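Right, one structure below, let's go through it.
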Protein chains: 2
Amino acid sequence: MATRAAKSINGKAAPQALYQRIRADLEDKILSGRWPPGHRIPFEHELVETYQCSRMTVNKVLSGLAAAGIIERKRRVGSFVAKPVVQSAVLHIPDIQAEIAKRGEAYNYELLTRKRRKATKDDLDRLGMEQGCDVLVLSCRHIAKGRPFAYEERLINLDMVPPAVEIDFARVPPGTWLLGHVPWSEAEHQITATLADDDARQALALRKPAACLVVERRTWRKRKVITSVRVTYPNDLYRLTARFTPAGRG
Amino acid sequence: MATRAAKSINGKAAPQALYQRIRADLEDKILSGRWPPGHRIPFEHELVETYQCSRMTVNKVLSGLAAAGIIERKRRVGSFVAKPVVQSAVLHIPDIQAEIAKRGEAYNYELLTRKRRKATKDDLDRLGMEQGCDVLVLSCRHIAKGRPFAYEERLINLDMVPPAVEIDFARVPPGTWLLGHVPWSEAEHQITATLADDDARQALALRKPAACLVVERRTWRKRKVITSVRVTYPNDLYRLTARFTPAGRG
DNA sequence: GCGCTGATTATGTATAGACATAGAACGTCC
DNA sequence: GGACGTTCTATGTCTATACATAATCAGCGC
């Protein structure tokens with residue numbers, strides 16, 4: 001079993017070490033959604049059978065996945081795909097609905113516009129894509145204590161998230177739905193301060209120009225963009241906090 | 001060697017598993033600064049001697065530390081304490097000087113005020129501390145291409161960083177110096193958009209009120225605050241980006 | 001039905017031994 | 001001196017085995 005070199009598992013390029021290939025294999029099953037959150041991972045002894053290696057090796061893989069928060073393990077019970085993290089401990093720009101609820105304020109949400117179209121050049125720009133795709137274009141606003149709290153403009157890549165077209169986003173905010181249903185592997189935020197543009201000013205019911213915090217986020221799965229969103233917060237209503245520890249030092 | 005239970009290494013509470021205690025022990029040596037960046041970690045076989053365990057066990061510890069970015073390992077060479085991350089891959093609010101240099105723009109820096117004092121109530125508030133301490137109070141501005149780029153107000157906890165009092169911050173920006181000389185274990189950012197206050201407006205040479213991005217950061221080592229800084233960027237000159245991947249999914 | 005007990009089982013931790021491999025150090029040859 | 005192989009060694013990976021431990025489950029007595 002110690003022979004290195006090729007021995008491809010399911011036909012993809014072999015990284016090198018056996019345990020890395022096993023890990024890549026399992027991660028792929030999970031991140032691709034084939035094994036959804038809550039799905040039971042085969043027992044260690046089954047994986048030993050599957051990959052024809054020792055238990056120590058699959059144990060190393062599973063321990064690593066658990067440490068990375070991708071799976072959860074319970075003694076005597078088994079290992080399961082972890083629920084997607086609603087809110088990364090790292091960057092606290094979560095689901096706006098949950099955010100407001102946590103503060104104990106009344107939450108309200110309104111879908112302003114919804115359009116499905118082939119991506120325009122501008123859409124592709126915002127998504128950071130080259131190739132065309134179908135997109136769902138949404139704008140909405142979030143209301144806390146009766147006051148407009150955030151204005152959200154979102155693009156969803158329908159090629160990556162076909163089910164999104166079926167969802168009634170007049171009832172459930174797109175961010176909430178996406179967080180709960182679409183696994184992602186990478187995210188990028190850009191944060192700027194600007195004076196609200198006309199759309200935003202209208203949606204936020206701002207009389208005169210005001211400083212706003214603008215958060216633009218793009219989310220990927222496997223190097224393909226899932227969604228791009230720009231959220232505009234009036235200056236006095238939002239405060240973004242990010243707290244972290246250099247990897248693993250907690 | 002398989003006897004669990006106590007067996008305290010260096011007299012601190014034993015987490016439980018041997019490899020966890022070894023890890024805690026090494027991490028402590030590193031984060032406390034006793035083993036500074038670049039310091040050579042004992043060879044695996046030496047650690048085996050020290051902790052009286054098998055090489056697999058110390059290997060697991062060292063691999064973990066390497067995965068967490070706390071140490072770097074090189075075959076045939078050894079393991080070394082990693083250089084402090086100048087710029088976390090996670091939150092990109094780095095050294096302003098380096099930032100501007102990377103853009104290839106002319107950089108200039110001016111110390112505006114410097115004061116040493118017993119922390120006032122307000123200072124303690126900004127540091128998030130209860131207990132009094134000595135602080136160094138600095139304000140300065142960063143200039144790119146001849147134009148004020150950022151206004152920085154900083155507090156340094158001199159109890160945590162005594163050498164700071166010796167440094168000539170008219171020559172080297174405090175952020176640059178601190179990043180290079182003081183290890184930290186945790187940081188928190190708060191980001192808001194506001195209209196520049198008077199101090200900031202003057203320092204940034206803004207004629208009229210303008211939307212500014214305000215980044216407040218506090219940095220800790222071992223639960224004690226090292227420094228607190230508030231940086232104000234005129235709206236059109238700065239864009240904060242944060243890119244990340246849920247732990248370990250790279 | 002209820003609560004206790006003990007068996008079962010998957011994971012958690014640790015071991016010793018083995019071979020692979022990258023890269024530094026050293027020596028050799030031209 | 002500089003371009004080469006060779007050796008040496010610390011880390012990288014893997015195995016087979018062992019025992020610990022937590023949680024579940026079945027069986028028992030009442």
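Since the model is a prediction, treat every value here as computed from it, not as a measurement. Naming: A, B, ... by sequence-line order, numbering from 1 per chain.
Distance CZ (A/Arg23) to P (D/dC14): 14 Å, rounded to an integer number of Å. Separating the CG atom of B/Leu18 from the C1' atom of C/dA16 is a distance of 15 Å, rounded to the nearest angstrom. Rounded to an integer number of Å, the gap from B/Gln52 CD to C/dT13 P is 21 Å. For the pair A/Glu46 CD and C/dT11 C1', the interatomic distance rounds to 14 Å; values are reported in whole Å. Regarding A/Asn59, its CG atom lies at a distance of 11 Å from the C1' atom of C/dA10, rounded to whole Å. If you measure from atom CZ of A/Phe80 to atom P of C/dT11, you get 9 Å, rounded to the nearest angstrom. Whole-Å rounding puts the A/Leu47 CG to C/dT11 C1' distance at 13 Å. Rounded to an integer number of Å, the gap from OH of A/Tyr51 to C1' of D/dT13 is 18 Å.
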Begin with the C-alpha distance, continue with both residues' side-chain angles, and end with the deciding distance and a verdict on salt bridge (charged side-chain N to carboxylate O under 4.0 Å, His left out) for B/Asp159 and B/Lys224.
CA-CA 10 Å; B/Asp159 292 1; B/Lys224 289 189 193 148; over 6 Å; no
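Counted within 6.0 Å of CD on B/Glu49, heavy atoms from surrounding residues, nucleotides or ligands total 12 or fewer; the atom is thus considered open.
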Protein-nucleotides 4-10 of chain D N/O pairs under 3.5 Å:
| unit_1 | atom_1 | unit_2 | atom_2 | d |
| --- | --- | --- | --- | --- |
| D/dC8 | O2 | B/Arg76 | NH1 | 3.0 |

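Salt-bridge formation is not detected for the pair B/Glu152/B/Arg217: no Lys NZ or Arg NE/NH1/NH2 atom is positioned less than 4.0 Å from an Asp or Glu carboxylate oxygen. Of the charged side-chain nitrogens involved, at least one lies within less than 4.0 Å of a carboxylate oxygen, so that B/Asp25 and B/Lys29 count as a salt-bridged pair.
The base of C/dG17 lies outside donor-acceptor range of the side chain of B/Arg55, with no N or O pair under 3.5 Å. At a cut-off of 3.5 angstrom, counting only N and O atoms as typed in the model, there is no donor on one side facing an acceptor on the other between the side-chain of A/Arg21 and the base of D/dT13.
In this structure, B/Tyr109 and B/His142 have tilted ring planes: the angle between them lies in the 30° to 60° band.
Across A/Thr219, A/Leu127, A/Asp125, A/Ile156, a single residue satisfies side-chain contact (heavy atoms from CB on, under 4.5 Å) together with A/Ser228, and that is A/Leu127.
Side-chain nitrogen and oxygen atoms of B/Gln20 include none within less than 4.0 Å of the OP1 or OP2 phosphate oxygen of C/dG12.
The closest donor-acceptor contact from the side chain of B/Thr227 to the backbone of B/Leu155 lies under 3.5 Å.
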